[in-house]
Visitor: 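Structure provided below as structure tokens; questions to follow.
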2 protein chains.
Amino acid sequence: MVRQKTSAFQSSKPVTIKDLAEILHTTPSTVSRALRDKKGVGEKRRKQVKDLARKMNYQPNTVASGLRKGKSRTLGVIVPRVNRDFFSDVIAGIEEVAFDHKYSIIICQTHDQLDREKQYVETLLSARVDGILASLSLETNTYDHFRKILNARIPLIFFDRIPAEMDTSRIVIDDFEGAYRAVKHMIDNGYRRIIHFAGPDYLNVYRNRKEGYLAAMKSCNLPVEEDMIIHNNLTLEAGRKSMEEVLNKGMVPDALFSASDYAALGALLFMQEKKFDIPGQFGVAGFSNEKFTSYINPSLTTVDQHSREMGRYCTELFLKESIGEKPPPSKIMLSPELLIRKSTQRKSKQ
Amino acid sequence: MVRQKTSAFQSSKPVTIKDLAEILHTTPSTVSRALRDKKGVGEKRRKQVKDLARKMNYQPNTVASGLRKGKSRTLGVIVPRVNRDFFSDVIAGIEEVAFDHKYSIIICQTHDQLDREKQYVETLLSARVDGILASLSLETNTYDHFRKILNARIPLIFFDRIPAEMDTSRIVIDDFEGAYRAVKHMIDNGYRRIIHFAGPDYLNVYRNRKEGYLAAMKSCNLPVEEDMIIHNNLTLEAGRKSMEEVLNKGMVPDALFSASDYAALGALLFMQEKKFDIPGQFGVAGFSNEKFTSYINPSLTTVDQHSREMGRYCTELFLKESIGEKPPPSKIMLSPELLIRKSTQRKSKQ
DNA sequence: AAAAAACACACAAACGTTTGTGTTATTCTG
DNA sequence: CAGAATAACACAAACGTTTGTGTGTTTTTT
């Protein structure tokens with residue numbers, strides 16, 4: 001005998017509102033209203049419809065309803081990479097709030113490439129997402145693709161890596177403050193010749209971290225020679241290499257403040273190979289609070305960016321913008337948290 | 001004077017195919033065919049249409065075309081958490097292949113909760129995604145929601161955490177083999193009383209890792225007492241706590257093979273606090289190759305799961321299933337890679 | 001040069017909803 | 001109990017595409 005599944009498991013084409021209407025000898029409009037608890041449908045009929053819908057395993061078609069309503073209850077999220085702790089934490093935060101409000105999220109990885117970013121903006125626009133949350137790619141130096149989003153009257157919220165050139169809602173942490181506090185802390189611990197690994201100047205986050213570094217040094221009257229600021233791409237390998245070059249040039253820094261944890265790690269590993277005592281002879285601080293920073297030895301002083309909260313806020317900003325008349329853009333700046341760990345704590349101060 | 005933007009920046013309602021048709025005194029069908037390079041449109045007209053589309057910044061509406069075509073070029077991805085290295089790496093892999101084939105991906109976090117998983121399946125089904133890639137939540141012990149996907153004739157590919165109960169395409173790594181090799185390696189390095197942190201038995205991955213552990217021990221005639229296998233939820237805290245309990249019970253293991261890197265780390269940190277020399281007095285190996293494992297000290301021996309490749313394969317499996325007649329489900333098993341690091345390398349063997 | 005084939009296009013229906021408007025029956029009001 | 005208000009529904013149009021079919025026109029074939 002053929003195995004007979006319950007009616008929930010019939011295959012074939014999905015059941016539509018029309019099908020339900022036909023069976024009940026009524027019309028699609030009534031069924032639609034019944035299902036969504038809109039008025040204009042009698043008690044009895046409503047129950048009848050809902051019962052049948054359940055029985056026939058009716059699945060609402062959000063594509064159709066999206067087309068009709070002009071809303072997709074979908075959010076586009078554009079990030080450089082999904083598998084970076086910072087970004088995946090932000091995404092986790094976004095997803096949480098989005099889920100609570102019945103939004104789905106489409107994620108887009110730019111791989112830090114401008115043309116991918118552009119292409120994804122097109123895709124999201126075509127998908128008629130209700131909003132876009134984005135963090136700039138490293139290559140982004142033009143913003144017309146983002147302006148298109150605004151012109152389409154779709155809420156656009158930037159987080160972390162934001163364009164100075166556009167007047168949109170945005171949420172960042174205070175990178176300047178985070179860097180300033182990290183460097184100040186290092187100085188307080190007796191480090192003096194602190195070098196800095198910086199990212200590209202055209203990205204707000206790296207520019208601000210550099211400024212924070214400079215301000216902290218200046219506030220203590222510590223000189224910053226030109227070659228104490230090393231721009232690289234902030235990967236582990238870049239950090240290791242830059243550190244090597246610094247030593248090869250004959251410089252004798254006693255600490256490093258890196259705009260990225262990975263680059264900090266690269267330098268730290270290199271210095272350990274060279275038998276430098278960390279934090280004794282050389283202090284290291286990073287930025288972002290990647291998970292590994294608390295597990296390595298010595299644990300790495302870093303700046304936490306409240307990534308998950310950033311994601312949550314970001315989505316809340318979108319929700320605010322998506323209802324009613326467009327409010328003026330909100331600019332939120334979260335306070336970073338300096339996490340003082342072993343890599344910057346000298347046993348004896350200066 | 002009012003600032004005048006180029007035509008690319010007009011606001012108002014999006015341009016539709018109908019609009020283009022009207023302007024060119026032709027019909028939507030012709031415009032549609034012209035834009036998509038379908039035959040039935042003259043050279044001249046085609047150029048005319050494309051030029052106008054560009055000029056008016058026409059954005060195709062994938063919602064409408066999705067409704068008409070019954071395909072959304074969208075993939076649903078269901079994972080326990082997006083901010084775990086393993087899963088975010090898989091997602092990165094999925095995104096890469098999906099992007100190349102012009103698919104968008106909707107990501108869903110179950111937070112290891114069954115009801116969230118169910119709800120997301122409904123959402124994805126309603127969104128009429130073209131396929132679903134999923135890894136089970138810890139709580140999943142019922143599969144009707146997944147069967148619905150199959151009944152809707154939507155390709156469903158499981159990865160890593162898969163249900164034994166369903167006959168779908170799937171891709172896993174050989175957890176048994178990975179565990180076996182890890183434990184064998186530890187035995188080869190002189191460890192004898194190796195304990196095991198295991199996850200829930202109803203999840204294939206943890207069951208297989210445990211089996212691998214048992215097989216390796218057995219192959220060397222090493223006894224495994226009941227209390228040498230500790231089930232916990234595999235978090236860092238759980239690892240620490242379990243380790244503490246083991247010692248408190250008066251057991252004297254000389255090594256740990258943990259089904260998770262985090263739990264391994266918890267145990268490792270605890271043992272270090274208790275002044276055990278690792279790997280000298282106590283060896284530790286984990287599973288998953290989380291990023292931090294190579295940066296900690298001692299670096300952690302672990303098993304790499306080729307997560308990115310898994311994501312890529314997974315999407316390729318979907319692509320294969322989405323064309324033509326449904327092929328029989330593919331069952332792919334990737335070979336894990338044992339990464340031998342310091343945490344299991346005794347200076348002097350035995 | 002007539003018949004056949006190919007082409008360029010218009011027309012119309014369809015995908016599955018949602019929503020405004022009309023129609024009839026029921027309930028309410030004074 | 002007439003008239004108004006309300007309710008329960010049906011009807012039809014619309015969202016923006018895609019695609020099958022029909023109709024002239026041009027090109028090719030012989």
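Below, chains carry the letters A, B, ... as their sequence lines are ordered, and counting in each starts from 1. Only heavy atoms go into these numbers, but all of them, side chains included; no hydrogens, no water, no symmetry mates.
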Visitor: Counting only side-chain nitrogens and oxygens, does B:Lys71 get under 4.0 Å of the OP1 or OP2 atom of D:dT18?
Guide: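 The answer is no; no side-chain N or O of B:Lys71 sits under 4.0 Å from OP1 or OP2.
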Visitor: Ignoring hydrogens and angles, are the base of D:dG20 and the side chain of B:Arg68 linked by a donor-acceptor pair under 3.5 Å?
Guide: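 Answer no: no donor N or O sits under 3.5 Å from an acceptor.
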Visitor: Below the 4.0 Å mark, does C:dC15 have OP1 or OP2 next to a side-chain nitrogen or oxygen of A:Lys18?
Guide: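 So the side-chain polar atoms of A:Lys18 do come within 4.0 Å of the phosphate oxygens OP1 or OP2 of C:dC15, strictly under.
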Visitor: Mind calculating the distance between CZ (B:Arg33) and C1' (C:dA8) to the nearest angstrom?
Guide: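 It works out to 10 Å between those atoms.
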Visitor: Does A:Ser29 make a side-chain donor-acceptor contact with the base of D:dC9, cut-off 3.5 Å?
Guide: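 Side chain to base: no pair present.
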Visitor: Less than 4.0 Å between a side-chain N and a carboxylate O, is that true for B:Arg81 and A:Asp89?
Guide: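 Looking at B:Arg81 together with A:Asp89, the answer is no, because their closest N to O distance does not fall below 4.0 Å.
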Visitor: Let me know the distance between CG of A:Leu35 and P of C:dT19, rounded to the nearest Å.
Guide: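 To the nearest whole Å, that distance equals 13 Å.
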Visitor: Output the single nucleotide from D:dC15, D:dT19, C:dC9 whose closest atom is nearest the side chain of A:Leu67.
Guide: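 In terms of side-chain proximity for A:Leu67, the closest of D:dC15, D:dT19, C:dC9 is D:dC15.
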Visitor: I want to check one thing: is the phosphate of C:dA10, taken as OP1 and OP2, less than 4.0 Å away from some side-chain N or O of B:Arg45?
Guide: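 It does, given that an N or O in the side chain of B:Arg45 lies less than 4.0 Å from OP1 or OP2 of C:dA10.
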Visitor: Supply the atom-to-atom distance A:His145 NE2 to A:Arg147 CZ, rounded to the nearest 0.5 angstrom.
Guide: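 These two atoms lie 10.0 Å from each other.
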Visitor: What pair of heavy atoms forms the shortest contact from B:Thr27 to B:Ser29, and how long is it?
Guide: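 Looking at all heavy atoms of both residues, the closest pair is OG1-OG, 3.0 Å.
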Visitor: Verify the contact: side-chain N or O of B:Thr30 to OP1 or OP2 of C:dC9, cut-off strictly under 4.0 Å; return yes or no.
Guide: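 Checking B:Thr30 against C:dC9: no side-chain N or O falls below 4.0 Å of OP1 or OP2.
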Visitor: Can you check the A:Glu22 CD to D:dC11 P distance for me, whole Å?
Guide: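 Going from A:Glu22 (CD) to D:dC11 (P), I get 13 Å.
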Visitor: Report yes if at least one side-chain N or O of A:Thr26 is closer than 4.0 Å to OP1 or OP2 of D:dA10; otherwise report no.
Guide: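 So the side chain of A:Thr26 is within the cut-off, an N or O lying under 4.0 Å from OP1 or OP2 of D:dA10.
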Visitor: Quick check on C:dC15: is either OP1 or OP2 less than 4.0 Å from any side-chain nitrogen or oxygen of B:Arg128?
Guide: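 No, outside the criterion.
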Visitor: Heavy-atom nearest nucleotide on DNA chain D for A:Gly42 versus B:Ser65: which residue maps closer to 5'?
Guide: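 Here A:Gly42 is the residue nearer the 5' end.
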Visitor: Verify ring-ring contact (aromatic ring centres under 6.0 Å, His included) between B:Phe99 and A:Tyr120, making sure each step is shown before the conclusion.
Guide: CA-CA 9 Å; B:Phe99 180 84; A:Tyr120 263 129; 5.0 Å; yes
Visitor: Where the side chain of A:Thr16 is concerned, which of C:dT17, C:dT18, D:dT19 is the nearest nucleotide?
Guide: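 For the A:Thr16 side chain, the nearest candidate turns out to be C:dT17.
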